[in-house]
Visitor: 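The structure's right below; bear with me while I get my questions together.
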Amino acid sequence: MIDLADIHRLISQPDADHTLSVFLMVDAARLENHAATPGWRIWLKNALRELRGQHPEDATFDALRRRCEVLLEQHRGHAKGLALYLTPASEQVFELPVPLAENAVAYGRASLAPLLFAMDEYESTLIVVVDQMRARFISGYMGGAQREGSHVNDVEAYDFRHKDQMPTGRNQGDRTMGGSNRDAFAATIGDHLRRFYQEVAAQVRQIAQDRGIRRIILGGPVESAHALRHEMHDSLARQVVAIVAIPQWLDDGAVMRLALPAALEVEHAQEVELVDEVIDLARSGSRGALGLVAVEDCLARQQVELLILPWPLADAALRDRLPLAALRAGAKIEFVSGAAAERVVAEGGVAARLFYTLRPEFGEPALP
């Protein structure tokens with residue numbers, strides 16, 4: 001799993017100003033990669049030749065270029081996307097199970113935007129497939145699936161006395177007093193089922209905490225998914241972004257493929273809400289900034305809590321410069337696409353939510 005610690009290592013290592021960044025669409029399912037020489041290899045050869053023309057006297061770049069060619073000549077992986085960072089003293093290869101938007105190369109400071117977008121778009125998700133008898137926990141990251149455990153309802157191990165028939169009661173007139181044990185049996189089973197959902201909820205909470213997962217999808221019969229959510233603490237229930245009817249018999253990979261569209265739909269809806277919030281803050285003179293000049297000024301002042309960038313970013317220079325500036329300033333980064341990206345572009349191309357705003361008359365922070 002890639003995390004921000006990996007990103008910070010990339011930009012803080014020695015010779016970080018001499019980084020060759022390479023992003024490749026190596027998915028074997030792509031038509032251009034069906035040939036004996038895959039299309040990405042042809043593209044890379046031409047791109048490195050062009051980049052060499054821009055740095056004709058740079059011996060460091062030339063050494064990195066040769067290392068890149070040798071390293072990727074041996075590549076035989078099954079990834080869909082590949083991100084490679086080379087410096088004179090290090091190399092970092094990320095094989096991604098999700099596709100990249102385009103092939104790209106850059107030299108200088110590390111180009112981070114394509115990798116950060118993939119990390120943001122396909123963030124870790126915990127999928128819980130549950131019915132009345134069993135639950136399994138699957139963590140999904142960048143389209144991949146990993147089993148995190150399971151839990152079984154042990155109701156069948158108990159010797160519940162099934163007394164479904166009406167027992168003989170004592171007569172009073174023409175009525176039979178006493179009734180059956182049917183209601184008591186149903187209540188016992190119901191209590192045991194609630195305990196099962198409570199145990200599953202506790203395990204969900206533990207896995208989410210251990211893995212640092214903020215997004216949860218519940219699958220299985222809808223009734224069971226809702227029953228499980230009902231037994232969750234409010235703080236955990238708020239992390240449930242979708243309930244999807246996922247059959248218990250599907251394998252983990254198929255579960256991930258079925259759940260991922262729901263996760264992305266929720267992600268994109270939340271992006272629109274976030275952009276609307278920041279635009280409202282900026283227009284009201286509060287903790288928001290819109291447009292390149294305002295946002296870069298706020299980054300320089302370390303005012304930015306969250307930098308919002310549309311994806312894709314057509315300007316390659318901005319795409320490389322702004323994420324680095326945000327990371328140096330301690331800001332988080334959110335890439336938005338679709339309708340949210342269109343709104344950001346219409347409002348100046350970049351947006352930010354701030355820790356505080358400045359009172360123009362005093363030049364001092366105005367805390368919220």
Side-chain angles (χ1 to χ4, degrees), residues 1-13 16-27 40 43-44 47 51 54 68 79-87 92-123 141-143 264 267-268 271 274-275 278 289-292 295-296 298-300 304-338 340-345 347-353:
M1 180 180 292
I2 310 168
D3 57 29
L4 280 179
D6 297 312
I7 303 300
H8 281 288
R9 278 193 292 272
L10 279 175
I11 64 177
S12 61
Q13 61 186 315
D17 287 336
H18 300 280
T19 300
L20 177 62
S21 307
V22 180
F23 304 96
L24 298 169
M25 299 184 291
V26 296
D27 187 358
W40 65 266
W43 181 91
L44 178 63
L51 197 57
Q54 299 172 22
C68 176
K80 293 185 177 181
L82 190 71
L84 170 66
Y85 296 93
L86 293 176
T87 72
Q92 189 87 44
V93 182
F94 299 108
E95 294 195 3
L96 309 177
V98 295
L100 292 168
E102 61 181 5
N103 295 314
V105 295
Y107 175 63
R109 298 291 295 180
S111 177
L112 301 173
L115 184 59
L116 291 173
F117 172 75
M119 292 169 61
D120 184 37
E121 183 80 347
Y122 300 98
E123 70 172 281
Y141 179 67
M142 287 196 177
L264 292 179
E267 170 82 7
H268 295 159
E271 288 174 357
L274 172 64
V275 170
V278 172
L290 300 173
L292 181 60
V295 169
E296 287 200 305
C298 291
L299 282 170
V304 176
E305 175 216 344
L306 178 68
L307 175 67
I308 302 175
L309 297 172
W311 186 263
L313 248 176
D315 189 323
L318 287 181
R319 185 174 58 194
D320 292 339
R321 186 172 81 238
L322 288 176
L324 282 170
L327 290 170
R328 291 194 193 104
K332 294 178 288 186
I333 303 170
E334 178 80 20
F335 286 93
V336 298
S337 55
E342 292 173 4
R343 289 221 63 191
V344 173
V345 170
E347 295 292 339
V350 59
R353 187 171 64 200

Visitor: Could you check whether any side-chain heavy atom of Thr87 comes within less than 4.5 Å of a side-chain heavy atom of His18, counting everything from C-beta outward?
Guide: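 No, their side chains stay 4.5 Å or more apart.
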Visitor: If I compare all heavy atoms of Leu307 with all of Val304, which pair ends up nearest, and what's the gap?
Guide: N-CG1, 3.8 Å
Visitor: What's the shortest heavy-atom distance between Cys298 and Ala289, and which atoms?
Guide: SG-CB, 4.0 Å
Visitor: So which atom in Ala113 and which in Arg319 form the shortest heavy-atom distance, rounded to 0.1 Å?
Guide: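 Shortest heavy-atom separation between Ala113 and Arg319 comes out as CB-CG, 3.2 Å.
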Visitor: Of all heavy-atom pairs between Ala16 and Thr19, which one has the smallest distance, and what is that distance?
Guide: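 The answer is O-OG1, 2.8 Å.
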Visitor: Distance check, rounded to the nearest 0.5 Å: Phe23 atom CZ versus Leu96 atom CG?
Guide: 9.0 Å
Visitor: Arg109 versus Ile11: any side-chain heavy-atom pair under 4.5 Å?
Guide: yes
Visitor: Give, for atom CD of Gln54 and atom OH of Tyr107, the distance between the pair rounded to the nearest 0.5 Å.
Guide: 12.0 Å
Visitor: Any heavy-atom pair between the side chains of Ile7 and Leu115 that's under 4.5 Å?
Guide: yes
Visitor: Contact between Arg353 and Leu274 at the side-chain level, heavy atoms closer than 4.5 Å - yes or no?
Guide: yes
Visitor: Which atoms form the tightest heavy-atom contact between Cys68 and Leu20, and what is the distance?
Guide: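 Heavy-atom minimum between the residues: CB-CD2, 3.9 Å.
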Visitor: Classify the ring geometry of Phe117 against Trp311: parallel below 30°, tilted from 30° to 60°, perpendicular beyond 60°.
Guide: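 Rings of Phe117 and Trp311: parallel, under 30°.
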Visitor: Minimum heavy-atom separation for Ser111 to Ala106, with atom names?
Guide: CB-CB, 4.0 Å
Visitor: Are the side chains of Leu112 and Tyr85 in touch, meaning some heavy atoms are under 4.5 Å apart?
Guide: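 Yes; the side chains approach each other to less than 4.5 Å.
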Visitor: Would you give the length of the straight line joining atom NZ of Lys332 to atom CD1 of Ile308, rounded to the nearest 0.5 angstrom?
Guide: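 Separation between the atoms: 10.5 Å.
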Visitor: If you look only at pairs with a residue in residues 307-316, which of them pass as a salt bridge (charged side-chain N to carboxylate O under 4.0 Å, His left out), with sequence neighbours excluded?
Guide: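 Every pair satisfying salt bridge (charged side-chain N to carboxylate O under 4.0 Å, His left out) with a residue in residues 307-316: there are none.
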Visitor: Using side-chain heavy atoms (C-beta onward) and a distance below 4.5 Å, is Glu95 in contact with Leu82?
Guide: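 SC-SC contact between Glu95 and Leu82 confirmed.
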Visitor: Output, in order, the C-alpha distance, side-chain angles, deciding distance and verdict of side chain to side chain contact (heavy atoms under 4.5 Å, CB included) for Ile333 and Leu322.
Guide: CA-CA 10 Å; Ile333 303 170; Leu322 288 176; over 6 Å; no
Visitor: Could you tell me the separation between the CG atom of Asn103 and the CG atom of Leu44, rounded to the nearest 0.5 Å?
Guide: 8.0 Å
Visitor: One pair to check against side chain to side chain contact (heavy atoms under 4.5 Å, CB included): Leu84 and Leu24. What are the steps and the verdict?
Guide: CA-CA 9 Å; Leu84 170 66; Leu24 298 169; over 6 Å; no
Visitor: Kindly indicate whether the side chain of Leu318, heavy atoms from C-beta on, has any atom under 4.5 Å from the side chain of Val350.
Guide: no
Visitor: Tell me, do Glu347 and Val275 make a side-chain contact under 4.5 Å, heavy atoms counted?
Guide: no
Visitor: Let's go through Glu296 and Arg321 carefully: what are the C-alpha distance in whole Å and the side-chain angles of both, what is the deciding distance for salt bridge (Lys or Arg N to Asp or Glu O under 4.0 Å) to 0.1 Å, and is it a yes or a no?
Guide: CA-CA 10 Å; Glu296 287 200 305; Arg321 186 172 81 238; 2.9 Å; yes
Visitor: So does Ser337 get a backbone contact from the side chain of Glu271, meaning a donor-acceptor N/O pair under 3.5 Å?
Guide: yes
Visitor: Treating Gln13 as the side-chain partner and Leu10 as the backbone partner, does any N or O pair qualify as donor plus acceptor under 3.5 Å?
Guide: yes
